[in-house]
Amino acid sequence: MPGPAELDTLHERINGWFDETARKLPWREPACSPWGILVSEVMLQQTPVVRVLPVWHEWLERWPTPAGLAGEPAGEAVRRWGRLGYPRRALRLHAAAVAITEDHNGKVPNTYVELLALPGVGSYTAAAVAAFAYGRRETVVDTNIRRVHARLVSGTALPAQALTAAEMRLATGLLPASDSSSVRWNAAVMELGALLCTARAPKCAACPVNDLCAWRAAGGPPSSYVPKGQAWHGTDRQVRGAVMAVLRLADMPVPAEMFHREPADLGFAPAGIGLPLAALHRLNSAPEQLERALAGLLADGLAEMHGDGYRLPA
DNA sequence: AACGCGTGGAT
DNA sequence: TATCCAAGCGT
């Protein structure tokens, strides 16, 4: 843990670097509503900024307030989520909009505890919204901040595989004293991790605190563990994704046999879903895997039965 | 605590 | 081409 003097230096340099070089993002504009910030935070969970930007603009134009989204079927949120990935985030964001409308008079709550109670809002997102939308001094810890702390302070290439209590204490200890400085600090460290102190090829030469970095001082030792990548090909997730691509494009329930049989065997396909349906069949997944994927989507509320067909939740 | 959950750009 | 990984959450 850095001493008080070094802490001041870190705050000054990293916040200064942020002021000069931060990306201009719509949810960072002073005029952005707390709702706009909440939507951005959920969309940014595991999805890069460049892919979020266009969808975020569409959402805020279509649903400028939580009540606007709450007034539509959950399936519409899933459809407009497009290809951001992890579509249950859309479902939960819709549920959060309903909760905000019904329980918070249509206004995004401004405390960590109330935010944390919203569907799809965990410790990171609750702290981020409290800080960035309401100017509160919160301990915001995301994957970028964890990595910067791991290198700068702890001297390791990567943070632990799971978020630890020690990391939270460290992050709290590093926080500037004032509300305004702490808000900027949270955004700045995150930005540093996103732009310079990246997972794979960190741009240490451009880093404003490279002379204070414990990891660099130690000669940049490699990580003590090998992060295991997520499997994709042949997984249920891949099949679920392909099914969801069909449902997003369908404007009527898709008969179960459409998923199980080649379109050529059926002799017809509903307008508009030929391409994603072909992509699904190209996976050539076993019937039981397809069943598992469809059942999973129903269980998660991402799809529902209507007659003998599947559709997004109405 | 470890796992499942989408997607696509970068390397 | 294959692998990595991105502002996590819920169970």
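Protein chains get the first letters and strands the later ones, always in sequence-line order, with residue 1 at the start of each.
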Among residues 294-303 of chain A, which residues get a heavy atom nearer than 4.0 Å to DNA chain B?
-> none

Pairwise P distance, dG8(B) and dG10(C) [rounded to whole Å] = 24 Å

With a 4.0 Å cut-off on heavy atoms, is Arg248(A) in touch with a base, just the backbone sugar-phosphate, or nothing at all?
-> sugar-phosphate

Got a donor-acceptor contact below 3.5 angstrom from the Asn186(A) side chain to the Glu138(A) backbone?
-> yes

Per-nucleotide protein contact along nucleotides 3-11 of chain C, 5' to 3', at a 4.0 Å heavy-atom cut-off (B base, S sugar-phosphate only, - neither), is -BBBBBSS-

What residues, two or more places apart in sequence or in another chain, satisfy ring-ring contact (aromatic ring centres under 6.0 Å, His included) together with Trp215(A)?
-> none

Any luck finding a side-chain donor-acceptor pair between Ser180(A) and Arg137(A) under 3.5 Å?
-> no

Could you tell me the separation between the CD atom of Gln238(A) and the P atom of dA2(C), rounded to a whole number of Å?
-> 12 Å

Whole Å only: how far is the OH atom of Tyr225(A) from the P atom of dA2(B)?
-> 12 Å

Taking the side chain as C-beta and beyond, is there a heavy-atom pair between Arg151(A) and Asn210(A) under 4.5 Å?
-> no

Rounded to whole angstroms, how far apart are CG on Leu163(A) and P on dA1(B)?
-> 11 Å

Could you tell me whether the side chain of Trp27(A) reaches within less than 4.5 Å of the side chain of Glu41(A), counting heavy atoms only?
-> no

Between dT7(B) atom C1' and Asp236(A) atom CG, what is the distance in whole Å?
-> 17 Å

Distance check: side-chain N/O of Arg240(A) vs OP1/OP2 of dG6(B), anything under 4.0 Å?
-> yes

For the side chain of His281(A) and the backbone of Met258(A), is there at least one donor-acceptor N/O pair under 3.5 Å apart?
-> yes

Distance between C1' atoms of dA7(C) and dA2(B) (Å, rounded) = 22 Å

Per nearest nucleotide of DNA chain B, the residue lying toward the 5' end, Arg83(A) or Arg237(A), is Arg237(A)

Decide if the gap between the ring center of Trp35(A) and the ring center of Trp63(A) is smaller than 6.0 angstrom.
-> no

Do you know which of Thr156(A), Val141(A), Leu170(A) makes side-chain contact (heavy atoms from CB on, under 4.5 Å) with His149(A)?
-> Leu170(A)

Would you classify Leu84(A) as touching base, sugar-phosphate or nothing, given that sugar-phosphate means primed atoms plus P, OP1 and OP2, and contacts are heavy atoms under 4.0 Å?
-> base

Yes or no on side-chain hydrogen bond (donor to acceptor under 3.5 Å, both in side chains) for Trp17(A) and Thr21(A), after CA distance, side-chain angles and deciding distance?
-> CA-CA 6 Å; Trp17(A) 170 84; Thr21(A) 62; 3.2 Å; yes

